[in-house]
Amino acid sequence: MIDFCHSYTLFKMFDDLILLAKGGLTVYHGSVKKVEEYFSGLGITVPERVNPPDHFIDILEGIVKPGSGVTVQQLPVRWMLHNGYPVPPDMMQYCDQIATSSKGVNPSFTAATEQSFVGEEPKLDHRQHSFLKSHDLSDRVTAGVLRQYRYFLGRVGKQRLREAKVQAADYLILLLAGACLGTLSKVNDDPFGATALLCKIAALRSFSLDKLHHWRESSSGMSSLAYFLSKDTIDHFNTIVKPLVYLFMFYFLTNPRSTFMDNYIVLLCLIYCVTGIAYVFAIFLEPSPAQLWCVLLPVVLTLVANQDKEDKVRKLLGNYCYPKWALEAFVIANAERYPGVWLITRCGALMESGYSVHDWTRCLVSLILTGIGSRFVAFFCLVTFGKK
């Protein structure tokens, strides 16, 4: 239901008008010239200096009460009776209400047995639709989560193929970033921060542009879980391939002491972590604020992680920042490769940064758990704030 009439003159330019109640039930479908006459016959009159379609939409949204013993839930039934359509069994209760409150309605139409293709539950909140399975009165067999997941995998995969040019541009940018950072970065610098930022911004596209589509489809019975998992599954391809693209340039230009596999594992865990965080921003925020937060968050966390180590509070906060985990894992991976007499150099490098050679696994696990936790938060935001 869209408020497309911003002036009475524009409203009169239309030939036909369709008004839908919640649940997609038709309240009026006919000529614009007769809409006021129809509603006035129900006892709903348009106040002076009020645009008629705005008034009718406010009634359907529950902002304005229709009055005259008419309720919003009765309007679809009254339209069915007005046109001689059979009334679904699950809406018979409204026929009884109409019969007791209105003398001009012929209740003979209420003997129909055909069932409606949509079930209206006016008192059931949208969030309850997201978390709970409502009783379906339409005799419609809804596909299970696994079957919907397979369907969405195919659909999202085709969408990604249509975005091949955008994906190619992302990979080209990663190659250039790897070349530049591989030439300029030092061992103790954060070589993966820019890559994580690029992958995080790219991950915003997964949910930013489809929020309205998801809300419409979920209202018709689509599984939000299947939708979310299919998007995340397809994005795993980029999570696996993008570290390889970046390291193809970065690793061979810097020639670090750590192995290619060590660098790949660190970068893989980091991208998995930031992708989940990007999902939260993409679902909860509009595109522009989401991009801003994707840039601002790693900057703030990096500053917090690099604060004075003697301050216990700042040190504690820094231990829970994902940029610190990634940098620590990278430095430890390099330090572990120091052989023989270079052990003193390794100890000096770790002591200067305050790292321990035994914390490499802990850093990777922390990145993975952050990625998993952020995905749970993103899914909660999807089913709770899907229309936002």
With the side chain counted from C-beta on, respond yes when [X] and [Y] share a heavy-atom pair under 4.5 Å apart, and no when they do not.
{"X": "Met91", "Y": "Cys95", "result": "no"}
{"X": "Leu292", "Y": "Ser288", "result": "no"}
{"X": "Leu153", "Y": "Thr233", "result": "yes"}
{"X": "Asp262", "Y": "Phe330", "result": "no"}
{"X": "Phe152", "Y": "Met222", "result": "yes"}
{"X": "Glu286", "Y": "Ser208", "result": "no"}
{"X": "Phe260", "Y": "Leu244", "result": "yes"}
{"X": "Ile277", "Y": "Tyr322", "result": "yes"}

Heavy atoms only: give me the nearest [X]-[Y] pair and the separation to one decimal.
{"X": "Lys22", "Y": "Leu60", "result": "CE-O, 4.3 Å"}
{"X": "Lys200", "Y": "Ala278", "result": "O-CB, 3.3 Å"}
{"X": "Leu197", "Y": "Cys294", "result": "CD1-O, 3.4 Å"}
{"X": "Lys231", "Y": "Ser206", "result": "NZ-O, 2.9 Å"}
{"X": "Val299", "Y": "Val295", "result": "CG2-O, 3.2 Å"}
{"X": "Val87", "Y": "Met92", "result": "O-CE, 3.7 Å"}

Is there a donor-acceptor pair under 3.5 Å between the side chain of [X] and the backbone N or O of [Y]?
{"X": "Asp54", "Y": "Val50", "value": "no"}
{"X": "Tyr264", "Y": "Ile240", "value": "yes"}
{"X": "Trp79", "Y": "Tyr28", "value": "no"}
{"X": "Ser31", "Y": "Lys33", "value": "yes"}
{"X": "Ser230", "Y": "Tyr227", "value": "yes"}

Whether Arg78 engages the ring of Phe39 as a cation-pi pair (distance to the six-membered ring centre under 6.0 angstrom, angle to the ring normal within 45°) should be assessed.
no
Pair Lys65 + Asp58, salt bridge at N-O below 4.0 Å:
no
Assess whether salt bridge (Lys or Arg N to Asp or Glu O under 4.0 Å) is satisfied between Asp235 and Lys242, documenting all intermediate values.
CA-CA 11 Å; Asp235 282 347; Lys242 285 185 176 181; over 6 Å; no
Do the ring planes of Phe252 and Phe248 sit parallel (below 30°), tilted (30 to 60°) or perpendicular (above 60°)?
perpendicular
hydrophobic_cluster_shared for Tyr38 and Tyr94, side chain cutoff 4.5 Å:
yes
Roughly how far, to the nearest 0.5 Å, is the CG atom of Leu267 from the CG atom of Leu367?
10.5 Å
Applying side-chain contact (heavy atoms from CB on, under 4.5 Å) to Leu382 and Thr384, what does each step give before you reach the verdict?
CA-CA 6 Å; Leu382 180 68; Thr384 307; over 6 Å; no
Can a donor-acceptor pair be found between the side chains of Asn238 and Tyr171 at a distance below 3.5 Å?
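Note: Asn238 and Tyr171 side chains meet the donor-acceptor criterion.
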